Visitor: 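Can you read through this structure? Questions will come right after.
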2 protein chains.
Amino acid sequence: MRPLQDPAPDLPPETERDAATKAAVLAAAERLFAMRGLRCVSVRDITAEAGVNLASVNYHFGSKDALVFEIFRRRTAELSRDRARMLHEAISRHDGKPPVREILAALMEPPLRWSNPANVRRIAMQFIIRARSEGSDAVREIIRTDVSHLRPFAEALMTALPHLPPEEVYWRLHFTLGMIHNNRFAEFDRLHALSDGITRDSDVDALLKRMLDFAEAGFLH
Amino acid sequence: MRPLQDPAPDLPPETERDAATKAAVLAAAERLFAMRGLRCVSVRDITAEAGVNLASVNYHFGSKDALVFEIFRRRTAELSRDRARMLHEAISRHDGKPPVREILAALMEPPLRWSNPANVRRIAMQFIIRARSEGSDAVREIIRTDVSHLRPFAEALMTALPHLPPEEVYWRLHFTLGMIHNNRFAEFDRLHALSDGITRDSDVDALLKRMLDFAEAGFLH
DNA sequence: TCACTTTCCAAACGATCGTTCGAATGCCCG
DNA sequence: CGGGCATTCGAACGATCGTTTGGAAAGTGA
């Protein structure tokens with residue numbers, strides 16, 4: 001028996017008494033999904049990796065899709081909390097009217113920091129990116145319809161840019177989200193191949209600055 | 001028997017003698033893949049839709065993955081040709097040194113026009129977007145390594161922005177590609193949900209102008 | 001201790017998938 | 001007409017998948 005091999009980064013056990021199996025499944029599933037993709041990981045792979053019985057996934061989560069959805073729900077909620085906290089701090093710092101750059105930073109910095117190789121959230125971030133494009137109908141429905149976490153950002157941007165029609169703010173926010181969501185391994189690999197490697201030695205802070213410069217200019221032009 | 005492997009590497013289907021079955025499979029597969037996703041379409045779905053025998057896919061293409069790769073190869077080559085033509089026209093118009101905006105337009109306009117509901121290439125564009133994120137290892141390898149079609153754009157941008165370090169040009173090109181690749185149905189749906197629908201009545205030309213404004217500002221800031 | 005619930009387990013089920021095979025069919029050319 | 005291919009066809013193979021099942025084991029409370 002090997003209940004867990006890694007300190008189970010987090011994924012809070014919440015109110016459950018004995019959730020060792022559940023936590024092991026969650027951790028193993030997230031890691032395998034992030035590395036190989038949702039469809040290329042079977043329930044057998046997950047349970048073998050977690051050292052639990054094959055039926056555990058269906059017993060604890062109902063189905064494989066429900067497991068994916070559960071991880072996705074937890075991680076996106078966590079990411080949204082990080083972003084909301086940064087936005088709130090920016091709002092507090094600037095008496096309710098933060099500048100565009102700080103609003104965009106609250107949107108960009110959490111996912112970028114999560115993606116950092118030294119960050120324990122790296123796997124979680126990679127999973128979110130995978131699930132966004134490979135997820136089930138339920139996941140895609142959440143992405144399509146749940147925009148509540150973006151509302152405060154849209155409102156803050158409209159407050160910071162009162163002269164700009166709301167329609168423009170929404171479109172530019174859409175473009176910015178496109179920039180953020182493009183930070184996948186394959187895309188970075190392509191960028192490095194295109195630039196003959198000169199883009200490779202760029203750390204998170206430098207990337208964040210570049211993204212902020214680019215998006216801020218797009219908003220303020 | 002396996003009589004052929006790849007008889008016409010780069011020739012359009014019109015040059016082959018009897019390619020009715022092959023063409024029917026290609027068309028049906030592209031349409032189904034674009035609508036439902038690569039993994040959610042079986043070889044049986046494709047052959048049933050095309051009105052051909054189940055074994056046709058393996059006989060004419062070798063495997064399902066090879067079929068996906070073939071469609072992807074054809075369509076991306078076509079898209080790259082469209083982009084290269086626009087870039088070449090811009091270069092001709094400006095004596096070898098086109099402005100940033102026209103370079104970006106050559107990159108953005110073809111995929112945006114293809115995505116237009118009135119365009120016959122709409123399905124093809126949707127397929128490309130699907131294959132980019134759901135494709136096999138071969139497809140992903142092509143995306144990661146084949147950057148030849150982007151080189152002329154990077155060079156044109158460096159010529160137009162001689163004061164900017166090449167590293168910056170590459171990064172900003174990466175951001176711009178992220179904006180372009182983000183134009184999926186689900187992302188638009190989310191944008192419209194966030195904006196309460198006020199972004200919905202935006203045609204291709206208006207979207208192109210907005211994207212160009214945003215990216216141009218990001219490059220010129 | 002005992003009854004009861006929760007969790008775990010090995011095994012199998014049913015379905016779907018990509019692929020292969022051998023025979024039948026169509027087709028071109030001598 | 002008839003041999004030589006290329007193609008099509010129905011049928012099946014082998015593998016993998018998510019899920020289910022019935023009973024064993026562990027935990028719980030009195």
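Just so we're clear, the structure is a prediction, and the values are computed from it rather than from any experiment. Below, all heavy atoms of this structure are taken into account, side chains as well, without hydrogens, waters or symmetry copies. Quick note on labels: first sequence line is chain A, next is B, and so on, each numbered from 1.
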Visitor: Restricting to nitrogen or oxygen on both sides, can you table the protein-nucleotides 19-21 of chain D pairs closer than 3.5 Å?
Guide:
residue: D:dT19; atom: OP2; partner: A:N58; partner atom: ND2; Å: 3.4
residue: D:dT19; atom: OP2; partner: A:K64; partner atom: N; Å: 2.8
residue: D:dT19; atom: O5'; partner: A:N58; partner atom: ND2; Å: 3.2

Visitor: In chain order, what residues pass the ring-ring contact (aromatic ring centres under 6.0 Å, His included) check against A:F72, with sequence neighbours excluded?
Guide: none

Visitor: Who are the ring-ring contact (aromatic ring centres under 6.0 Å, His included) partners of A:F175, not counting sequence neighbours?
Guide: B:F214

Visitor: Apply ring-ring contact (aromatic ring centres under 6.0 Å, His included) to B:W171 and list each qualifying residue two or more places apart in sequence or on a separate chain.
Guide: B:H174

Visitor: Looking only at side-chain N and O atoms, does A:T21 come under 4.0 Å of OP1 or OP2 in C:dC8?
Guide: yes

Visitor: In this structure, how many angstroms lie between the C1' atom of C:dT19 and the CZ atom of B:F61, rounded?
Guide: 16 Å

Visitor: Tell me the interatomic distance from B:I46, atom CD1, to C:dT16, atom P, rounded to whole angstroms.
Guide: 17 Å

Visitor: Looking at A:R39 and B:E134, does any basic side-chain N land under 4.0 Å from a carboxylate oxygen?
Guide: no

Visitor: Among residues two or more places apart or on two chains, list those pairs meeting salt bridge (Lys or Arg N to Asp or Glu O under 4.0 Å) that have a residue in residues 106-116 of chain A.
Guide: A:E109-A:R113, A:R113-A:D205

Visitor: B:R39 has an atom CZ; how far is it from atom C1' of D:dT16, in whole Å?
Guide: 14 Å

Visitor: Should B:H60 be listed as having a side-chain N or O under 4.0 Å from OP1 or OP2 of D:dT8?
Guide: yes

Visitor: What pairs of residues pass the salt bridge (Lys or Arg N to Asp or Glu O under 4.0 Å) test when at least one of them lies in residues 191-202 of chain A, not counting sequence neighbours?
Guide: A:D196-B:R151

